[in-house]
Amino acid sequence: MSNNTTDTAGLNPAQLQAVQHLDGPLLVLAGAGTGKTRVLTHRVARILEQTSTPAYRILCVTFTNKAAREMRERIASLAADAAEGLWLGTFHSLAVRVLRKHASSAELGIDTNFLIVDSDDQHRLVRQILQEMHLDPKEVRPGKILPFIHGWKDRALEPERVPPEERRELNGLAVDVYERYQRRLQAMNGCDFGDLLLYNIKLFAHNPEVLQHYQQRFRYILVDEYQDTNMIQNLWLSLLAHQHRQLCCVGDDDQSIYGWRGAEIRNILEFQQRFTEAKVIKLEENYRSSQNILDGAAGVIAHNSDRLGKDLVATRGAGAAIGLAGFRDSRAEASAICDTIIKRHFQGLAYSAQAILIRAGHVSQMLETSLAAMRIPYRMYGGLRFYEREEIRDAVAYLRLIHRSEDDLAFERIINKPTRGIGATSQNKVRQYAESNGVSRMNAVQVMLEDQVLTGRAAAAFESFLALHRGWQERKEVLSGADLLHEVLQGAGVFDFWRASSKLEAETKLENLGELQSALAEFPSLEAFLEHVALVMDDDRTSTKDSVTIMTIHAAKGLEFDYVFLPAWEEGIFPNPRSVDEDDSKSLEEERRLAYVAMTRAKTRLDISFARERLMHGQVKATGPSRFLREIPESALETPLAKIFEKMAAGWAYGSSGYKTPRTATATETTLLRTNTPAVRNVTHGGTMGQRVQHARFGMGTITGLESQYYVIEFDEHGQKTISVDFITLLQT
DNA sequence: AGTGTCAGGATTTTT
DNA sequence: TCCTGACACT
């Protein structure tokens, strides 16, 4: 093995230290743009280089498939024989790997041939269960129950261990559904995403020898984006690291923005308490952003109390001050941003160097309208991903059913899609038969046809479907995946269905199906492909065309752009009102971290803006500037906030350079504004104490309290309620 | 089975 | 305002 595979050139002393320290637990605390992943990959290469063979000595865990792919490539280029001793992947993909080997040896209720149930299937399952329990779908929807189940699984809680106070939520309903849901999953040999890790933990608990085996195998464990781990992932890590205690976690507590889906920031904050011998290395030299941008972000994040603390220093110098701009309304904001984008483009800057990052999806509407009107090419991320699209999911379901005819969820998805005369009644019959006999749906259909339980039209329809299925199973052996898919879509009438469809998107859908065929061609087997799909909700392949990026801040984490726009920094949008209202400061702190993440995406120039009125849900809503704006140190700003207020008060839509866009409101907006603007106004909406209001469901009432985004209203017939301003119509006095 | 109508809701989103 | 899901009607 060559002795300079870990080329340390380009690593600063702190990074070098993080790479070379190879003894005991280590926490690498690194801010945005300090080269975390780079350090981690160098460290892996260093271990590979220093410790010769036995295979499987390193376990390297990342959070997303994208990150895993990136790391794999980097490591491969650093260390020639990386593939040999290394397990690298996401928590879930590695958990699958373990279960595929050992699931049968423990009493988990599944065997090694288990199928992975994705979120769409989870929804469908829960919906069925709720129906069986005769619950009013208006009152209880899967979306109400599933977050509980996910939350519990993320904390390694099985139904019977859910603590009493949480059982009481929804009157214990969620627990009941959880139990039924779990039984259903096991009956079909299925595992949802939460189960993958939960079963690993159970497996380790019931089979200590399996745990020991992996504890011995993985001498070194490395984790990227540690601040995003949830309780069960952390438990999994702790178990595996128990013997060698060579756990290296890399992360930034200030970038923990996934608390709402179970990430546990305490994992990183309390690392040193759990590993008292741990060494902490802070990486504070920032290669991405200018000092002004860092100072601005640091000023904001300093208002959080739950943090370990870092001082980032830019290697790139002071750079431009942060642009701040206020506008009369969202339209003016959008067109000013577009003007600036075009101006910079004419100065030679690529569109792809500019990005607009937003807090919530709906903010993009106005921006998209403006971009389109000005013919600026743009890409919107965060819509439906490739593998989540209806036509793709259907096609994949066909393949799943061909691969494993016991895949009941796939069966249910496509048995009557496109319609082939198998209605709800026949499907229910099959389902009941299958469940009471403990066989798969496909199996049930066969038997029911033989026994003539199914007759007439339905029987004929099932017959021809079975014939198709049989044919496909034979063809599977001789055809490539892509060809098989083509034949299936043809035979099942999917192509015909979309060709005949009058829907606008029909053509795109056909194109997508073509894309799926080429995706299939990249996999060695149908099985490999299906496993990939189950685990990966693939990020859309980036197009080569030069275009501006619009994405949510969440989606932008880990990315960087030269020029970044952050519109709609307004109370009511950012921070999101739901986070503000919760009594603890936790969610507000997460919003603040989100602001920090957003700001630190910019390398060269950052432009933050707000509007006083925003077109939302088809209504004009008055908004105030975000509290985060006041937290940005004035020294980092091009124009102080106070000055912007002055100019705005003087009737100007004003901002810093490139943002002077006087405008007049459209006729409709003016009318709406007038009706919504009484003398003494609630800053965010326009209501006053004592004002009469109307609500779609609760009727007439009187405002008795004003809060940031809510009114307290005494309704004439429904008593006192606190209601979001969005749903209130103010009446003229 | 497919289309039309009405009510209710409207952060963030990976595996 | 615009999307989704439930239900009723043809």
Side-chain angles (χ1 to χ4, degrees), chain A residues 61-68 89-96 116-120 122-123 127 131 136-139 141-144 146-147 150 153-154 191-197 225 228-230 232-233 257-263 357-366 381-385 387-388 416-425 457 461 501-502 531-539 551-558 568 572-581 587 590-591 593-594 597-598 615-621 668 672 695-697 709 724 726-727:
Chain A
V61 194
T62 66
F63 205 68
T64 61
N65 277 293
K66 207 175 79 191
T90 61
F91 281 95
H92 288 85
S93 69
L94 294 167
V96 169
I116 298 168
V117 174
D118 61 33
S119 54
D120 210 63
Q122 290 172 35
H123 264 264
R127 184 166 305 137
Q131 245 166 39
D136 182 359
K138 275 184 199 138
E139 289 291 312
R141 278 169 293 107
K144 243 184 181 165
L146 274 167
H150 291 150
K153 287 189 178 176
D154 285 347
C191 235
D192 69 14
F193 286 117
D195 287 335
L196 294 175
L197 280 149
E225 303 287 8
D228 287 332
T229 51
N230 62 30
I232 196 163
Q233 288 161 340
I257 56 173
Y258 285 113
W260 51 274
R261 70 177 195 213
L357 308 182
I358 54 180
R359 170 69 248 263
H362 65 79
V363 173
S364 74
Q365 281 171 24
M366 186 63 79
Y381 289 79
L384 269 193
R385 273 133 216 282
Y387 285 106
E388 289 164 21
N416 199 30
K417 206 170 174 195
T419 48
R420 49 175 72 87
I422 300 176
T425 324
R457 264 204 333 212
S501 164
S502 58
E531 185 122 323
H532 169 79
V533 174
L535 287 169
V536 180
M537 294 294 176
D538 206 354
D539 38 316
M551 54 166 69
T552 62
I553 300 170
H554 283 92
K557 181 155 167 269
I573 291 183
F574 194 24
N576 185 286
R578 291 183 195 220
S579 313
V580 177
D581 286 351
S587 3
E590 182 154 317
E591 291 286 311
R593 289 193 289 271
L594 205 49
V597 168
L615 196 58
M616 272 173 83
H617 310 312
Q619 274 176 315
V620 174
K621 214 181 94 172
T668 25
L672 280 162
H695 180 270
R697 193 150 92 229
Q709 282 306 304
S724 163
D726 293 2
F727 307 114

Could you tell me whether a side-chain N or O of [X] sits under 3.5 Å from a main-chain N or O of [Y], the two making a donor and an acceptor?
X      : Y      : result
A:Q122 : A:D192 : no
A:H92  : A:L196 : no
A:E591 : A:N576 : yes
A:N416 : A:I422 : yes

Show the distances under 3.5 angstrom between N or O atoms of the protein and N or O atoms of nucleotides 8-10 of chain C.
none

Atom pairs under 3.5 Å, N or O on each side, protein against nucleotides 1-3 of chain B: can you list them with distances?
| residue | atom | partner | partner atom | Å |
| --- | --- | --- | --- | --- |
| B:dA1 | OP2 | A:N416 | ND2 | 3.0 |
| B:dG2 | OP1 | A:T419 | OG1 | 2.9 |

Atom-to-atom span, [atom1] of [X] to [atom2] of [N] - whole angstrom:
X      : N      : atom1 : atom2 : value
A:L146 : B:dT13 : CG    : P     : 18 Å
A:N576 : B:dT13 : CG    : P     : 12 Å
A:F63  : B:dT14 : CZ    : P     : 11 Å
A:R261 : B:dT11 : CZ    : P     : 18 Å
A:D192 : B:dT15 : CG    : P     : 15 Å
A:D154 : B:dT14 : CG    : C1'   : 11 Å
A:R359 : B:dT13 : CZ    : C1'   : 11 Å
A:Y258 : B:dT12 : OH    : P     : 12 Å

Item to complete: Ignoring backbone atoms, test whether A:R578 places a side-chain nitrogen or oxygen under 4.0 Å from the OP1 or OP2 oxygen of B:dT11.
Response: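 Indeed, a polar side-chain atom of A:R578 lies that close.
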
Worksheet item: Does A:T552 make a side-chain N or O approach to OP1 or OP2 of B:dT11 shorter than 4.0 Å?
Response: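 No, because none of the side-chain N or O atoms of A:T552 sits under 4.0 Å from OP1 or OP2 of B:dT11.
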
Discussion item. As a test of understanding, state which of A:T552, A:V597, A:I553 forms a side chain to side chain contact (heavy atoms under 4.5 Å, CB included) with A:L357.
Written reply: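 Only one option passes, and that is A:I553.
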
Discussion item. Nearest to the A:W260 side chain among B:dT11, B:dT13, B:dT15, which nucleotide is it?
Written reply: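 From the listed options, B:dT13 comes nearest.
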
Worksheet entry | Proximal nucleotide (of B:dT13, B:dT11, B:dT15) relative to the A:E591 side chain |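 Minimum distance to the A:E591 side chain belongs to B:dT11.
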
Practice prompt. Measure the CD-CG distance between A:Q233 and A:D228 for me, rounded to the nearest 0.5 Å.
Written response: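 So the gap between those two atoms works out to 9.0 Å.
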
Worksheet item: Going by the angle between their ring planes, with limits at 30° and 60°, are A:Y258 and A:H554 parallel, tilted or perpendicular?
Response: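 Geometry flag for A:H554 against A:Y258: tilted rings.
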
Item to complete: Using the test side chain to side chain contact (heavy atoms under 4.5 Å, CB included), find all partners of A:R457 that sit at least two apart in sequence or belong to another chain.
Response: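 Checked A:R457 against side chain to side chain contact (heavy atoms under 4.5 Å, CB included); zero matches.
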
Fill in: Taking every non-hydrogen atom, the tightest pair across A:A461 and A:G421
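The pair with the smallest heavy-atom distance is CB-O, 4.3 Å.
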
Worksheet entry | Comparing A:S93 and A:H362 on DNA chain B - which has the more 5′ nearest nucleotide |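 Residue closer to the 5' terminus by nearest nucleotide: A:H362.
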
